[in-house]
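We name chains A, B, ... by the order of the sequence lines, and we start the count at 1 in each one.
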Number of protein chains: 2
Amino acid sequence: MISEEEYLQQYNINHYTTPLCSVDVVIFRLHNQQLQVLTCARKQHPHIGQLGLPGGFIDIDQDKDLDATAHRKLHEKTGMRAPYLEQVGTVGNPQRDPRGWSVTVIYYALLPGTDIQQQTEDVRWCNIIGDSVTEQLAFDHNHLISQALERLRNKIQYTSLPVYLLPEEFTLADIRDVFAAILKKAPPMRSIRNRFLHEDLLEDTGKKRYGSNRPAALYRLKKTAKAHFYNRLYHTTQQE
Amino acid sequence: MISEEEYLQQYNINHYTTPLCSVDVVIFRLHNQQLQVLTCARKQHPHIGQLGLPGGFIDIDQDKDLDATAHRKLHEKTGMRAPYLEQVGTVGNPQRDPRGWSVTVIYYALLPGTDIQQQTEDVRWCNIIGDSVTEQLAFDHNHLISQALERLRNKIQYTSLPVYLLPEEFTLADIRDVFAAILKKAPPMRSIRNRFLHEDLLEDTGKKRYGSNRPAALYRLKKTAKAHFYNRLYHTTQQE
DNA sequence: TCAATAGTGTCTATCAGACAATATCGG
DNA sequence: CCGATATTGTCTGATAGACACTATTGA
């Protein structure tokens, strides 16, 4: 029996058959009331040229942990730091990648909403229709989007996540519109109001948004605010 | 530029530096009102001889997906199929394994409670004290237990999971005791009763458990019952 | 009978939601 | 003024929980 020192000295991961291991990030944003996911054209085999999620292999030298890998992928494609990033889960099987048994850790991120067309370089924002995007993505990326979306649809019902999809200043009706965009239905304004104003979560900017109606108060997330968890679900927005 | 066929033909995962990838399972049970986790002595380097979670590498030839790996590990160590198994998340960093950057997918399982000592072969049931076991486990396995336990502590507050830690027939007071064992506090019996009997989840066996007091009705999970999600938390058991 | 635990009745608190009433803008 | 949307007031319903009361066993 050899010692642990000797074992580690001799150990070479490349002598073993291990699965591929990657990280994929589902980046959501709202664009003109439409929920979108960022995709980019693949520059390498397999599925070269096809759209896919930002993601790929862990950089053994650079990434200090899995979250760092996800942050890095996000930053490479958007140049931004996301106000919300969360791990969804991990899928692994021999079919999802033609190179063999492969494992990928799924993250999702929420970016502040925007009405501005930017459409930079090689990235493309795809509309969410149903439970994924309509484009045929590389690997099982359509399915990964479904999983992230399912988490998002559940989680907005008992957390303050909707505000992370909005610009810095927003009205309560904007929150309702986030629900409508993501769930195709929204809780009544009374309920949204009760919830989001009751907690010490938002602050009134004092500013108003004007239209041809009574102006709406503009709120902003408090600097100290963390993602907030409520202890009930809405009734009107539950899936059955 | 080569074709995808050529690329795949030439592709050999062993030419790349990829992280280690494993699955670890945190198997919970209740034993005499004490929450326990199954550990086993490691038979190989690294940390040979030390206690660790059941788990290890994916069997590329045998496992059809990650869940299958988790089920296999569970079955190898317990000879049982768990009534509840769920993926918790995935951790990865260069420190957790002396062989290098490593990723592990954490699962947890709930086994029916038992008062019987079995203590077979090489496995050992460790008591949960605080947020992990007191034994010093291999790798970061104490920390993996904490993560699984945190999920369990949250999830029993809005689901029917407590029943998966009980034997086939149980009383409502047994459910309360599950809460007490896991959270060190329990919701009032009135609330447990309201919740578990209101849904179409349990059925009365007609049998009673006798003691030196009024006998308690024995219930059983309906065959058709899936894990049930309630839409509120208990108030008295929330962490703050 | 008593001790002990099971189970019920009833009232309160919290919060989602229905719905009506009122407020404030542009035009 | 009117139409539109914001905001408030008030009542109802669901359900957790407090608490007192009743039920049923063994000793």
Side-chain angles (χ1 to χ4, degrees), chain A residues 33 154 156-160 162 166 169-180 183 185-219 228-240, chain B residues 33 154 156-160 162 166 169-180 183 185-219 228-240:
Chain A
Q33 296 274 38
N154 285 324
I156 58 172
Q157 296 185 55
Y158 61 93
T159 64
S160 57
L166 292 172
E169 299 187 349
F170 51 85
T171 69
L172 294 173
D174 291 340
I175 295 179
R176 178 200 51 208
D177 294 343
V178 174
F179 281 103
L183 300 171
K185 55 186 174 178
M189 280 307 299
R190 197 74 187 88
S191 304
I192 291 174
R193 218 167 257 289
N194 286 343
R195 215 176 237 206
F196 282 85
L197 296 185
H198 187 272
E199 297 295 331
D200 194 35
L201 187 69
L202 306 183
E203 62 189 3
D204 197 324
T205 62
K207 293 188 254 181
K208 304 273 179 198
R209 180 185 297 162
Y210 292 87
S212 54
N213 48 32
R214 177 169 174 177
L218 282 163
Y219 294 91
H228 191 272
F229 289 59
Y230 301 96
N231 59 14
R232 293 193 198 179
L233 298 178
Y234 292 111
H235 297 230
T236 45
T237 54
Q238 280 171 62
Q239 21 252 261
E240 56 284 337
Chain B
Q33 295 273 39
N154 285 323
I156 57 171
Q157 295 185 55
Y158 61 93
T159 64
S160 57
L166 291 172
E169 300 187 347
F170 51 86
T171 68
L172 294 174
D174 290 340
I175 295 179
R176 179 200 51 207
D177 293 342
V178 174
F179 282 103
L183 300 170
K185 54 186 174 178
M189 279 309 298
R190 197 74 188 86
S191 303
I192 291 174
R193 217 167 258 288
N194 285 343
R195 216 176 235 206
F196 282 85
L197 295 186
H198 187 272
E199 297 295 330
D200 193 35
L201 187 70
L202 305 184
E203 62 188 5
D204 197 324
T205 61
K207 292 189 252 179
K208 305 272 180 199
R209 180 183 297 162
Y210 292 86
S212 55
N213 48 32
R214 177 171 173 174
L218 282 164
Y219 295 91
H228 190 273
F229 289 59
Y230 301 96
N231 60 12
R232 294 195 197 177
L233 298 178
Y234 291 111
H235 297 220
T236 44
T237 54
Q238 282 170 60
Q239 22 253 258
E240 54 286 337

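Positionally, the nearest nucleotide of DNA chain D for B/Arg232 lies more toward the 5' end than for the other of B/Ser191 and B/Arg232. Between A/Tyr210 and B/Ala217, the residue anchored nearer the 5' end of DNA chain C, judged by the nucleotide with its closest heavy atom, is B/Ala217. Summary of the strand contacts: A/Pro215 and A/Asn194 both lie near DNA chain C, and taking for each the nucleotide with the nearest heavy atom, the more 5' one is attributed to A/Asn194.
A nucleotide of DNA chain D counts as in contact with chain A when one of its atoms lies under 4.0 Å from a heavy atom; the first and last such, 5' to 3', are D/dG3 to D/dT10. Running 5' to 3' along DNA chain C, contacts with non-hydrogen atoms of chain A at under 4.0 Å begin and end at C/dT14 to C/dG26.
Rounding to the nearest 0.5 Å gives a distance of 8.5 Å between CZ of B/Phe229 and CG of A/Asn154.
The salt bridge (Lys or Arg N to Asp or Glu O under 4.0 Å) test applied to A/Lys207 returns A/Glu169, not counting sequence neighbours. Shown here are the side chain to side chain donor-acceptor pair (under 3.5 Å) partners of B/Arg214, two or more places apart in sequence or in another chain: there are none. Residues forming a ring-ring contact (aromatic ring centres under 6.0 Å, His included) with B/Phe179 (at least two apart in sequence, or on another chain): B/Tyr234.
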**Asked** Hey, mind stepping through A/Gln33 and A/Asp177 against side-chain contact (heavy atoms from CB on, under 4.5 Å) and telling me if it holds?
**Response** CA-CA 7 Å; A/Gln33 296 274 38; A/Asp177 294 343; 3.3 Å; yes
**Message:** One pair to check against side-chain contact (heavy atoms from CB on, under 4.5 Å): A/Arg232 and A/Arg195. What are the steps and the verdict?
**Reply:** CA-CA 10 Å; A/Arg232 293 193 198 179; A/Arg195 215 176 237 206; 4.3 Å; yes
**Request:** Just do the side-chain contact (heavy atoms from CB on, under 4.5 Å) check on B/Tyr219 and B/Asp174 with the steps written out, would you?
**Result:** CA-CA 10 Å; B/Tyr219 295 91; B/Asp174 290 340; over 6 Å; no
**Request:** Please report the C-alpha distance between A/Arg190 and A/Asn194 in whole Å, then the side-chain angles of each, then the deciding distance to 0.1 Å, and finally whether the side-chain contact (heavy atoms from CB on, under 4.5 Å) criterion is met.
**Result:** CA-CA 6 Å; A/Arg190 197 74 187 88; A/Asn194 286 343; 3.0 Å; yes
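Pairing each heavy atom of B/His228 with each of B/Ser160, the nearest pair is N-OG, 2.7 Å. For the pair A/Ala217 and A/Asp204, the tightest heavy-atom approach, listed with the atom from each and the gap, is CB-OD2, 4.2 Å.
Across all strands, A/Arg195 comes closer than 4.0 Å only to sugar-phosphate atoms, never to a base (heavy-atom distances).
DNA chain D forms stems at C:1-27 with D:1-27, each a run of 3 or more consecutive Watson-Crick or G-U wobble pairs whose two key distances fall under 3.5 Å.
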